[in-house]
Structures are given as C-alpha cells and as structure tokens.
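The model shown is predicted, which means the values in this text are computed figures rather than measured ones.
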Amino acid sequence: MALIKSISGIRGTIGGQAGEALTPVDVVKFAAAYGTWVLQTTNNNNTIVVGRDARISGDMVNKLVCATLQGLGINVIDVGLSTTPTVEMVVPELKAGGGIILTASHNPKQWNALKLLNYKGEFISDAEGKLVLELADKEAFEFAQVTELGTYTQREDAIARHIETILALPLVDVEAIKEKKFKIAIDCVNSTGGIAVPMLLKALGVKTIEKLYCEPDGHFPHNPEPLPENLREISKVIEKGKFDLGIVVDPDVDRLALINEDGSMFGEEYTLVAVADYILKNKVGNSVSNLSSTRALRDVTEKAGGNYYAAAVGEVNVVNMMKEQNAVIGGEGNGGIIYPELHYGRDALVGIALFLTHLAKSGLSMTRLRASYPNYYISKNKIELTPDVDVDAVLTQMQERYAKQPINTIDGVKIEFDKEWVHLRKSNTEPIIRIYAESDSNATAEHLANKIIADIKEIISAKA
C-alpha cells in the first residue's frame, strides 16, 4: 500500500489503512483541504470543476470528492469521464475557483490520485501545494451549515467543446487531414481516451479507425504507460494491417505516443519534436522542454530561428518557463505537448490534431518524417543508495568534477558535452539518483551513463 502526498496533489493505492493508502478517509481530508484553500485564495470563488479518468475506483473517489466539496459550501460541476486537458480548459471557461482531476495518470489500475488545478486551469505551484498539505495536516477546514451546502451539477459536453476549440485553431487543417484518408489504429488503454480520441479523429475526417481497448471501463489490458514495451499488440496490428500510423494515449490523455506505418516506434521523445517542427515552421518563436528531454527539440528550434530553453522537470516548471520566454510550443519528452494558443497544459488531443496536420502537409510517411529529424538516443538509469548517503553532497562533487563543462543546476546537475549530455537528479520519494544520458548513438549514451555511474560510486566509496 502506498500514499504519496506531493505538492501537486495526493496519490496512492486503493484499499488498506487510513494514512497508508488512498482510503476514503484520505480522499475526504485532502479534498476538504483543497476546497478550503480555493475558498481562501480566490475571494470565496465557490465553484470547482471535477473530472476523472475511467479507472475502476474513479466513481467511488468522485462521489467522495464531490460530496466533501459540497459540504464546504462549494458548487461542484462534474464533467464525469473526461481527460486531464479537458478539465484544465473547463476551469477558466466557467471562471471556477479551481479543478480536481481524479487520475493516477500512467500508474496501474490499483492507483488513483487527486490532481489539483488553480483558477487558471493549471497545476498548482510548489508553494500552493505546501499550503494545501498544511491545511490537511492541521485538518483546518470548516464545513458549511445545512442551508449553505454547495450544489452539484453534471456537464456532459466538455470533451466535445474541447474538440471544437482544437478544430478552430489556425494551424489545425481539417481539410488537409481529410484529403489524406489516413488509416489509423489507436490504443486508449480502456480509459477516457476511448471516448475522446475516436471523437476527435472523426471530427478531423478520419474514416478508418481501428480501435484497440477503447471501452472506458478501467480494466487496463497492459501497463498503461505508453512505452515501447507496453505497445507490442498495437505494433503488430499496424505491421500487418497497412495502417498509416498508430496513436496511443495514457489513461488521462495528456501523453501521446506515435507508431510508424511499419509498426516501429516514432519515439515518445519525438512527439514534441515533430509538433514543434510544424509550429515553428509556421510561427517564429521559442520552445521549452525539461532538462531530461531530447536535444533534438533545441536543434529544430534553432534551425527555425528560435531559442530553446530548458526547465526543471515537472509540468508546472515547463509552463512557468514557457510564460517567461514567451514560447510558442513546449512540453516534455514523455509525449507531453503544451500548446499555449489552446491552454497551458499537456494535451494529447491537440497534439494529435497538430501532428496529423503536419504529417498530411509534409507528404511523408511516418518513417520518412521521423528520419528527417536529428537522431538521438537517451539512456535512462538509476543508482539506488543507502539512506545514509548525502545525495546533495554527491551531486555537488559531480558538479566540481566536471566544472570545465557547461553545467545547469536548476534541477539536479546537467552536464553538457558538445552534443551529448548527462542529467543527474535525486528522487523526491526514494534514496535514488536518476541518470539520463543522451548521444547520437545508443552505445555512446550507454558509455557516457556508465562513466558517470562509476564516478558517483567512486565519490560514495571515498566518503564511506
């Protein structure tokens, strides 16, 4: 059993003892803390939007959250089975005080979470998250009198309105997509992507859609994280079926993975690269990704005449950097597209519409489009440490050891080596150092990672 209280919300496994998992007691406590924070910080804006993915525990958790908010005197607008980006768009549209998305994103079915939004429909900041956790720890909330309970309203058109807004974007060309008559296979892992993705593709004029796991019942047929090892089935379907591409989303539809016409992976790092390439060809501007994302985005951005900026890991950090640098496109290397012309949040649906427009206008196949981008490989590793190891001291010594190289320390230590890099960062929840290394060959990336791992072990041994 697990319960993780973080600045962006609370997530945990269903079942077990209160305080040790995401039990009904914990759901009520944290929903009450968040609702109280919204009332305190928005001059008593007492409307909150709630939406959820399709996981098995979703209905139960939804009822607990909505009733708790009503108990605080908050009016709840429940958009039901939805997507994370859809809820993010509904909050400012309705001028609500905030929003809660009930989803554990790519985590397996036993997990659920309360993801917390501010009045802009963006994830709450580190400082705001700490205030919510403080309210929860102190149980500093006061419930409303019987005559002042909040109302409960359901809204069923949220996804449809989200799609309408996407179709109206100047850089989404529905006619170009229609003309291509794309044949597309999709895997929506039996969550709300099974509602939203087919609806979007039909609106874009795609007639041939092979649906895998589009029943939103929460019974995930495989690990729901859209990584290559979890996508073998759709890969085989595409390989045999003469499809133009495959589309895969995670349970809450904020991550987008693409599959080539031969069943090979386009690469989740390259979802953002391809969409950014299209945006930057049509609009001069800057781009942002996090420190652990591929250098290919920088290459594409600079080629188009823009500047690339790296943010600390975490969607809220990427969004803040995008606003600071007035970026026209940004996101994360896990398939997360943030297109500010629509909203400041990772959104697989707008990613699909922009990518299909790009593919249609390029006249290329998926494999040829992928081959047109700089080819980099990322090696992802971790070192598990004993609790007595001072991780910060280790990272400081690594920084000193490579002081002659360009170094970024906004989130751990990132060391640049010409067109290669290594990013070291400590886990917030475990005694682990994560080590990501990128190069233009897999062997070199692995070699670079192993060299850094050896350095870290040497530093730890010297201190022992």
Side-chain angles (χ1 to χ4, degrees), residues 169-173 254-258 266-348 350-359 361-362 364 366 368-378 405-408 410-411 414-423 436-440 445:
L169 291 168
L171 290 184
V172 172
D173 192 330
D254 64 356
R255 288 173 62 177
L256 170 62
L258 302 163
F266 192 80
E268 65 170 359
E269 288 283 339
Y270 283 82
T271 302
L272 174 58
V273 174
V275 171
D277 177 40
Y278 172 61
I279 299 299
L280 294 166
K281 279 176 176 171
N282 288 277
K283 189 173 184 179
V284 177
N286 301 329
S287 70
V288 173
S289 66
N290 67 39
L291 286 167
S292 291
S293 299
T294 180
R295 184 196 162 90
L297 179 61
R298 177 176 175 176
D299 292 352
V300 164
T301 304
E302 290 177 348
K303 185 180 177 183
N307 294 314
Y308 164 79
Y309 298 90
V313 173
E315 182 174 330
V316 68
N317 297 317
V318 174
V319 165
N320 288 340
M321 181 70 80
M322 288 179 71
K323 289 178 179 178
E324 286 172 23
Q325 303 301 340
N326 198 27
V328 296
I329 187 68
E332 298 181 303
N334 58 10
I337 304 292
I338 302 174
Y339 187 46
E341 190 158 330
L342 185 67
H343 68 117
Y344 278 105
R346 292 184 306 177
D347 189 333
V350 77
I352 290 167
L354 291 168
F355 181 84
L356 289 179
T357 302
H358 182 35
L359 185 64
K361 287 176 176 287
S362 74
L364 300 174
M366 289 288 287
R368 286 180 62 203
L369 181 64
R370 174 63 181 80
S372 71
Y373 298 122
N375 212 22
Y376 293 106
Y377 299 85
I378 295 182
Q405 303 299 133
I407 288 177
N408 187 321
I410 62 170
D411 184 9
K414 183 172 183 178
I415 309 163
E416 301 270 357
F417 303 91
D418 191 22
K419 289 206 168 187
E420 297 164 351
W421 55 261
V422 181
H423 185 203
Y436 289 12
E438 183 178 64
S439 180
D440 58 6

Contact check, side chains of [X] and [Y], non-hydrogen atoms, under 4.5 Å:
| X | Y | answer |
| --- | --- | --- |
| R370 | L258 | no |
| Y339 | V275 | no |
| F417 | V422 | yes |
| I279 | E341 | no |
| K419 | D440 | no |

Checklist entry - Between R295 and E438, is there a side-chain N and carboxylate O pair less than 4.0 Å apart? => result no

Checklist entry - When you check the gap from the basic side-chain N to the acidic O, do D173 and K361 get nearer than 4.0 Å? => result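 Salt bridge present between D173 and K361.
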
When rounded to the nearest 0.5 angstrom, what is the spacing between [atom1] in [X] and [atom2] in [Y]?
| X | Y | atom1 | atom2 | result |
| --- | --- | --- | --- | --- |
| N375 | Y270 | CG | OH | 5.0 Å |
| E269 | L297 | CD | CG | 10.0 Å |
| Y373 | K303 | OH | NZ | 9.0 Å |
| Q405 | I415 | CD | CD1 | 8.0 Å |
| S289 | I329 | OG | CD1 | 11.0 Å |
| I337 | L272 | CD1 | CG | 4.5 Å |

Return the minimal non-hydrogen interatomic distance between [X] and [Y], and the atom names on each side.
| X | Y | result |
| --- | --- | --- |
| S293 | G333 | OG-N, 2.9 Å |
| K414 | L291 | NZ-O, 2.9 Å |
| A312 | N317 | O-CB, 3.3 Å |
| N307 | N286 | N-OD1, 3.0 Å |
| G351 | L256 | C-CD2, 3.7 Å |
| E268 | R255 | OE1-NH2, 3.2 Å |

Next on the checklist: Out of the candidates N282, I352, V172, L171, only one should pair with T357 under the side chain to side chain contact (heavy atoms under 4.5 Å, CB included) rule; please name it.
Outcome noted: V172

Item to check | Aromatic plane relationship, F266 with F355 - under 30° parallel, 30 to 60° tilted, over 60° perpendicular | outcome: perpendicular

Next on the checklist: Quick one, Y344 with N320, criterion side-chain contact (heavy atoms from CB on, under 4.5 Å). Give me CA distance, side-chain angles, the key distance, then yes/no.
Outcome noted: CA-CA 9 Å; Y344 278 105; N320 288 340; over 6 Å; no

Checklist entry - For K323, does the NZ atom sit with more than 12 other heavy atoms under 6.0 Å from it, leaving out its own atoms? => result yes

Next on the checklist: For V318 and R346: C-alpha separation, side-chain torsions, deciding distance, then whether side-chain contact (heavy atoms from CB on, under 4.5 Å) applies.
Outcome noted: CA-CA 10 Å; V318 174; R346 292 184 306 177; over 6 Å; no

Checklist entry - Would a distance-only check, ignoring hydrogens and angles, find a side-chain to backbone donor-acceptor pair under 3.5 Å from Q325 to V288? => result no

